[in-house]
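Notes follow the structure.
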Amino acid sequence: GDLRPRYSYKLTDWRDRTIFNTAAANIDRVEVAYQDYPQESFAIVDSSGTKSIIAPKMATISKDSTYHKKINAYLHFFENINCEGYLNGQVGMDTTIKNARKFVTITLTTKDKTTQTAHIYWMLLNKRSKNRAIPHEGIPTDYDADRLYAVLEPTHDTALIQMQTFEKLFKRCSDFGAQQRR
């Protein structure tokens, strides 16, 4: 018998789609850098077992009673984050990424100093985009509200990711209580 009608024989279809899968206790540093609003970028660092936020120079963090709870909750989001699929080898993908508008870069460093980076880009509207008729709040009108591109390091893979899976990682400095200095 031939299994090809039921099962894909392409190696990329069977590849692990995990982007991030690190336990919060094993995270040494997370950096989130927004392209269009750097004042909302931040880093979370582990200094001798105490995790804290490093805000941009123009912001201050108020360490209220929920400060450490917010940090710990956020770090737990880095468990079991997967992509929809890989786009490696697709014709024109290099040009698409080169011309795409960058949204955010997320860099995760573990305690053993392994670093993973996801450069995330907006995907232009297409015939499958749900927000063609009704724009979504916080998402530029020319871009898809459901899917984005991610260029991953150190593997240099290009992946298709879903907003539903990744949006919990898109926290801003102000979500942790940062206030802009005047």
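Note that the coordinates shown come from a computational prediction; the quantities given were computed from them, not determined experimentally.
- Taking all atoms of both residues into account, the shortest heavy-atom contact from Asn82 to Thr165 is O-CG2, 3.8 Å.
- Here the CD1-NZ distance, from Ile120 to Lys102, works out to 9.5 Å after rounding to the nearest 0.5 Å.
- Separation of the Phe20 and Phe77 ring centroids does not fall under the 6.0 Å cut-off.
- Ring centroid separation for the pair Phe176 and Tyr74 comes in under the 6.0 Å cut-off.
- Between Ala33 and Ser41, the shortest heavy-atom contact is CA-OG, 3.4 Å.
- Met123 and Leu160 get closest at one heavy-atom pair: CE-CD1, 3.0 Å.
- Listed for the Thr114 side chain is no donor-acceptor partner under 3.5 Å among the backbone atoms of Thr110.
- Taken from OG1 in Thr107 to CD in Glu153, the straight-line distance is 7.5 Å, to the nearest 0.5 Å.
- Listed for the Asn21 side chain is no donor-acceptor partner under 3.5 Å among the backbone atoms of Thr18.
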Please report the C-alpha distance between Phe42 and Arg172 in whole Å, then the side-chain angles of each, then the deciding distance to 0.1 Å, and finally whether the side-chain contact (heavy atoms from CB on, under 4.5 Å) criterion is met. CA-CA 7 Å; Phe42 66 93; Arg172 298 177 179 184; 5.6 Å; no
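- The minimum heavy-atom distance linking Trp122 with Ala100 is given by the pair O-CB, 3.8 Å.
- Side-chain contact of His68 with Lys51: a donor-acceptor pair under 3.5 Å is absent, judged by distance alone.
- Interatomic distance, OG1 of Thr109 versus CG of Asn26, reported as 11.0 Å (0.5 Å rounding).
- Tyr34 places a side-chain N or O within 3.5 Å of a backbone atom of Phe170 that can act as its donor or acceptor partner.
- Note that the OG1 atom of Thr158 and the CD1 atom of Ile161 stand 11.5 Å from one another [nearest 0.5 Å].
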Can you list the steps and then say if Asp28 with Lys113 is a salt bridge (charged side-chain N to carboxylate O under 4.0 Å, His left out)? CA-CA 8 Å; Asp28 189 50; Lys113 302 303 179 201; 2.8 Å; yes
Let's go through Leu148 and Phe166 carefully: what are the C-alpha distance in whole Å and the side-chain angles of both, what is the deciding distance for side-chain contact (heavy atoms from CB on, under 4.5 Å) to 0.1 Å, and is it a yes or a no? CA-CA 9 Å; Leu148 303 111; Phe166 273 75; 5.6 Å; no
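- Scanning both residues, Glu40 and Ser174, for their nearest heavy atoms gives OE1-N, 2.9 Å.
- Between the side chain of Arg17 and the backbone N or O of Glu84 there is at least one donor-acceptor pair closer than 3.5 Å.
- A donor-acceptor distance shorter than 3.5 angstrom exists from the side chain of Tyr67 to the backbone of Ile53, with no hydrogens or angles considered.
- Between atom CD1 of residue Ile106 and atom OG1 of residue Thr117 there is a gap of 10.0 Å, rounded to the nearest 0.5 Å.
- By the 6.0 Å contact criterion, CG on Asp94 is open, its count of non-hydrogen atoms from other residues, nucleotides or ligands being 12 or less.
- Here the side chains of Lys168 and Ile81 are in contact, with some heavy-atom distance below 4.5 Å.
- Separating the OH atom in Tyr86 from the CE atom in Met93 is a distance of 14.5 Å, to the nearest 0.5 Å.
- Of all heavy-atom pairs spanning Asp144 and Asp146, the tightest one is OD1-N, 2.6 Å.
- Note on Leu169 and Ile54: separate hydrophobic clusters, where clusters join Ile, Leu, Val, Met, Phe, Trp and Tyr whose side-chain heavy atoms are under 4.5 Å apart, directly or indirectly.
- Salt bridge present: Asp36 and Arg101 bring a charged side-chain N and a carboxylate O closer than 4.0 Å.
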Test side-chain contact (heavy atoms from CB on, under 4.5 Å) applied to Ser52 and Ile44, step by step: CA-CA 6 Å; Ser52 59; Ile44 297 175; over 6 Å; no
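- Looking only at side-chain heavy atoms (C-beta outward), Thr115 and Pro154 stay at 4.5 Å or farther from each other.
- Remark: side-chain polar atoms of Asp157 are not paired, donor with acceptor, to backbone N or O of Leu152 under 3.5 angstrom.
- Only one option out of Thr22, Ile27, Leu108 pairs with Leu75 in a side chain to side chain contact (heavy atoms under 4.5 Å, CB included); it is Ile27.
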